[in-house]
Visitor: 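Pasting in a structure now, in structure tokens, and then I'll have a few things to ask.
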Amino acid sequence: MAPTSAIPDFYYFCFGAYEPFLTLVGFLGTLADPLTAHNSQAPWLTDALPYNVLPTATFVTILQLSHVCALLGLVNLFVLSAVRAHLQGNPALQEKIVFSLLTPLLIGDIFHLTLTLWALGDDRWNIQSWSPMLWTTLILGLTLMIPRVCWHLGIGRYVDSRDTSFRKGYVPAPTMKG
């Protein structure tokens, strides 16, 4: 039997619950301790010490960045919830809307991983010097990027170009009333 939803439970959990949870926790952690959130992003060189007090521009930037991440998580939650609630009988339209949401996020995942490694410079492959926060950022990023790639590949979900003929030809079996 072909899938009947473009956003089945697994994908809804990943992008409508897990991702908003991660982004909100990150935002709250940054609000609670912006200095640690900043200083733990990457390893510090031995000749440069971490900040004891963040410059105002850095403080504002890290709060804005964490806020935007949390906002993206909430957009996921609201869009995916609306798609599931209001378009459950139209998986082709579900697919188009979810594609419009997940495609820029997948591009963002790729750029996030690439830019993070690029920003580490010559130390990018010196993984023993990576901070726990850097490891967490990269690993959690992959836990979102891999399901997004799977969604785009049509794994475990309705794909209109593949499943529409099955859906149109499907006639439910008669039920016996007794």
Visitor: Tell me which donor-acceptor pairs under 3.5 Å the side chains of residues 56-68 have, and how far apart each pair is, sequence neighbours excluded?
Guide:
from  : atom 1 : to    : atom 2 : distance (Å)
Thr61 : OG1    : Ala57 : O      : 2.7
Ser66 : OG     : Ile62 : O      : 3.2
Ser66 : OG     : Leu63 : O      : 3.0

Visitor: Kindly write out the residues that satisfy side-chain contact (heavy atoms from CB on, under 4.5 Å) with Leu140, not counting sequence neighbours, or none if the list is empty.
Guide: Tyr18, Leu22, Thr136, Thr143
Visitor: Not counting sequence neighbours, which residues clear side-chain contact (heavy atoms from CB on, under 4.5 Å) with Leu93? List them please.
Guide: Leu87, Asn90, Ile97
Visitor: Can you pull out every salt bridge (Lys or Arg N to Asp or Glu O under 4.0 Å) where at least one residue sits in residues 130-139? Sequence neighbours excluded, please.
Guide: none
Visitor: Before giving the answer on side chain to side chain contact (heavy atoms under 4.5 Å, CB included), spell out for Trp151 and Val98 the whole-Å C-alpha distance, their side-chain angles and the decisive distance to 0.1 Å.
Guide: CA-CA 10 Å; Trp151 187 91; Val98 174; 3.4 Å; yes
Visitor: Working to the nearest 0.5 Å, report the span between CG of Leu106 and NE2 of His112.
Guide: 14.0 Å
Visitor: Could you work out, with side-chain contact (heavy atoms from CB on, under 4.5 Å) as the rule, every residue matching Leu35, not counting sequence neighbours?
Guide: Asp33, Asn39, Tyr51, Leu54
Visitor: Run Cys150 and Tyr11 through side chain to side chain contact (heavy atoms under 4.5 Å, CB included) and show every step you take.
Guide: CA-CA 9 Å; Cys150 291; Tyr11 292 117; 3.5 Å; yes
Visitor: Look only at the side chain of Ser131 and the backbone of Ser40, and say whether a donor-acceptor pair between them is shorter than 3.5 Å.
Guide: yes
Visitor: Tell me the salt bridge (Lys or Arg N to Asp or Glu O under 4.0 Å) pairs involving residues 125-140, sequence neighbours left out?
Guide: none
Visitor: Please round to the nearest 0.5 Å and tell me the distance separating atom NZ of Lys96 and atom CD of Gln94.
Guide: 12.5 Å
Visitor: Calculate, to the nearest 0.5 Å, the distance between atoms CE and NE2 belonging to Met133 and His38 respectively.
Guide: 12.0 Å
Visitor: Could you give all pairs that pass the salt bridge (Lys or Arg N to Asp or Glu O under 4.0 Å) test and reach residues 101-117, with sequence neighbours left out?
Guide: Asp109-Arg148
Visitor: Return the CZ to OG distance between Arg124 and Ser129, rounded to the nearest 0.5 Å.
Guide: 12.0 Å
Visitor: Of all the heavy-atom pairs spanning Pro8 and Arg157, show the shortest one and how long it is.
Guide: CD-CB, 3.8 Å
Visitor: Working to the nearest 0.5 Å, report the span between CG of Leu120 and CG of Leu138.
Guide: 7.5 Å
Visitor: For residues 119-138, which residue pairs qualify under ring pair (Phe, Tyr, Trp, His ring centres under 6.0 Å), counting only residues two or more places apart or in two chains?
Guide: Trp130-Trp135
Visitor: With salt bridge (Lys or Arg N to Asp or Glu O under 4.0 Å) as the rule and sequence neighbours excluded, what pairs involving residues 112-122 come up?
Guide: none
Visitor: How far does CG of Leu105 sit from CG of Leu144, to the nearest 0.5 angstrom?
Guide: 9.0 Å
Visitor: Please list, chain by chain and in numerical order, all residues satisfying side-chain contact (heavy atoms from CB on, under 4.5 Å) with Phe21, sequence neighbours excluded.
Guide: Val25
Visitor: If you group Ile, Leu, Val, Met, Phe, Trp and Tyr by side-chain heavy-atom gaps below 4.5 Å, do Leu142 and Trp118 land in one group?
Guide: no
Visitor: May I have the list of side-chain donor-acceptor pairs in residues 71-83 shorter than 3.5 Å, sequence neighbours left out?
Guide:
from  : atom 1 : to    : atom 2 : distance (Å)
Asn76 : ND2    : Phe15 : O      : 3.3
Asn76 : ND2    : Glu19 : OE1    : 2.5
Ser81 : OG     : Tyr12 : OH     : 2.7
Ser81 : OG     : Leu77 : O      : 2.7

Visitor: Using the ring pair (Phe, Tyr, Trp, His ring centres under 6.0 Å) criterion, which residues pair with Phe99? Sequence neighbours excluded.
Guide: His152
